[in-house]
Amino acid sequence: MDKTYDSPQAAVDDIGDGASLAVGGFGLCGNPMELITALHDKGVSGLSVVSNNCGVDDWGLGILLADKRIAKMTSSYVGENKEFARQFLTGELEVELTPQGTLAEKLRAGGCGIAAFYTLAGVGTQVADGGLPQKYNPDGSVAKASEPKETREIDGTTYVLENSITTDFGLVHALKGDTHGNLVFDRSARNFNPLAAMAGRVTIAQVEELVQPGELDPDSIHLPGVYVQRVVAVGKNTEKRIEKRTVQPREAYEAAREKLEA
């Protein structure tokens, strides 16, 4: 039952060219950066990646993208990565854009053994009707577009059928984990990490704090170890970036506080 690995490099050692990955993270929050870096250093390419977004130009999945290691991205939000846009529009990258809630359910359902499901999201749009560009030619013409999806009327409402997602590997980041693979996530880092873990046939979790079985409160575990095959401790000092700072400058904050106190 001991699922621990000595290093991120050892944990990703059998991920090869052309593998499919489900990767946790929401913006720059909860990115399994040590695992991504180890995979980058390994030199694999031709990856098909499912993740809410593709990081930024120099962080998260963006470091794999920058070196053209990713052949296809399935995502819901890609607006913060200029290199992503460039590769997509020049035909270097295939992209399957998916509504965010649908993407989350595709991963969850895949992990639960559900082959497909009906949803309202995307009905009446190219998501359901087809024709959404997925890959361009270098001249800007569409090389590949999405196919129409099955729709069905249930109780007078039209739904679109979405196939679930499973991948060869899942890469996730957690606040705490035990050697059996039970995981606890920290606030927004919980977004998409449990779902990516569920979808991966072999899931690798990097954890800031590794504990022994029984040390985690069973009622506080967000993801049971049945979904996790490998665990690697990366420590609490792992770098965490803020995508966009929205706080006031210190001087403005102090002035506002003094005004309120007065």
Side-chain angles (χ1 to χ4, degrees), residues 3 5 8 11-12 15 19-40 47-56 59-65 69-70 72-78 80-81 84 96 98-112 164-178 181-210 221-236 238-243:
K3 301 177 181 179
Y5 278 64
V12 304
I15 300 179
S20 60
L21 311 175
V23 183
F26 193 73
L28 299 188
C29 181
N31 288 198
M33 198 61 206
E34 279 73 12
L35 295 176
I36 292 171
T37 300
L39 198 58
H40 177 269
L47 299 170
S48 293
V49 181
V50 182
S51 187
N52 178 63
N53 54 281
C54 196
V56 292
W59 188 252
L61 288 168
I63 67 170
L64 291 172
L65 184 74
R69 309 289 182 79
I70 299 175
K72 179 181 178 181
M73 277 295 306
T74 301
S75 299
S76 64
Y77 179 73
V78 296
E80 301 297 332
N81 194 317
F84 186 104
E96 185 175 347
T98 306
Q100 192 167 80
T102 301
L103 181 61
E105 181 60 14
K106 279 173 169 280
L107 293 166
R108 189 204 69 85
C112 291
S164 303
I165 292 175
T166 55
T167 58
D168 299 326
F169 296 89
L171 306 181
V172 300
H173 175 93
L175 177 67
K176 292 182 181 181
D178 65 21
N182 298 301
L183 302 180
V184 175
F185 302 95
D186 186 26
R187 297 179 175 84
S188 295
R190 191 174 174 182
N191 290 337
F192 279 96
N193 267 303
L195 307 173
M198 294 173 72
R201 298 183 186 92
V202 175
T203 289
I204 308 166
Q206 64 170 60
V207 300
E208 294 181 37
E209 182 180 354
L210 181 64
I221 291 172
H222 297 141
L223 185 78
V226 67
Y227 289 112
V228 179
Q229 284 69 46
R230 303 172 189 173
V231 181
V232 58
V234 297
K236 296 182 179 181
T238 179
E239 184 180 356
K240 299 173 185 177
R241 293 193 184 183
I242 297 174
E243 194 164 358

* To do: Heavy atoms only: give me the nearest Pro8-Val232 pair and the separation to one decimal.
  => N-CG2, 3.6 Å
* To do: Determine the minimum heavy-atom distance between Pro32 and Leu171, stating which atoms define it.
  => CG-O, 3.6 Å
* Which heavy atom of Val23 sits nearest a heavy atom of Ile36, and at what distance? -> CG1-CD1, 4.3 Å
* Decide side chain to side chain contact (heavy atoms under 4.5 Å, CB included) for Cys54 and Ile70; before the verdict, give the C-alpha distance in whole Å, the side-chain angles of both, and the deciding distance to 0.1 Å. => CA-CA 10 Å; Cys54 196; Ile70 299 175; 4.2 Å; yes
* To do: Would you check if the side chain of Asn193 reaches a backbone N or O of Gly30 as a donor-acceptor pair within less than 3.5 Å?
  => yes
* Asked: Among His173, Glu34, Glu208, whose side chain to side chain donor-acceptor pair (under 3.5 Å) with Thr238 holds?
  -> Glu34
* To do: Taking the side chain as every heavy atom from C-beta outward, state whether Leu175 and Val207 have any pair of such atoms under 4.5 Å apart.
  => no
* To do: Considering non-hydrogen atoms only, spot the tightest contact between Leu35 and Ile204 and give its length.
  => CD1-O, 3.5 Å
* Do Asp168 and Ser20 meet the criterion of a side-chain donor-acceptor pair at a distance under 3.5 Å? -> yes
* To do: Spell out, as yes or no, whether a donor-acceptor pair under 3.5 Å connects the side chain of Asn31 to the backbone of Gly25.
  => no
* Structure fact -> Looking only at heavy atoms, the pair that brings Leu107 and Leu195 closest together is CB-O, 3.7 Å
* To do: Drop me the distance from Asn182's CG to Tyr227's OH, to the nearest 0.5 angstrom.
  => 12.5 Å
* OG/Ser164 to CE/Met198 distance, rounded to the nearest 0.5 angstrom? -> 10.5 Å
* When rounded to the nearest 0.5 angstrom, what distance separates NE2 in His40 from CZ in Arg69? -> 4.5 Å
* To do: Check for a donor-acceptor pair, side chain of His222 on one end and backbone N or O of Val184 on the other, with a separation under 3.5 Å.
  => no
* Expected output: side-chain Thr166 to main-chain Ala199 donor-acceptor under 3.5 Å -> no
* To do: Enter the distance from Met33:CE to Leu28:CG here, rounded to the nearest 0.5 Å.
  => 9.5 Å
* To do: Determine the sole option in Asn53, Thr98, Asn52 for which the side chain to side chain donor-acceptor pair (under 3.5 Å) test with Ser76 is passed.
  => Asn52
* **Nearest-0.5 Å distance, CZ of residue Phe26 to OH of residue Tyr77** => 10.0 Å
* In chain order, what residues pass the side chain to side chain contact (heavy atoms under 4.5 Å, CB included) check against Val202, with sequence neighbours excluded? -> Phe169, Gln229, Arg230
* Structure fact -> In this structure, CG of Asp186 is separated from NZ of Lys240 (nearest 0.5 Å) by 6.0 Å
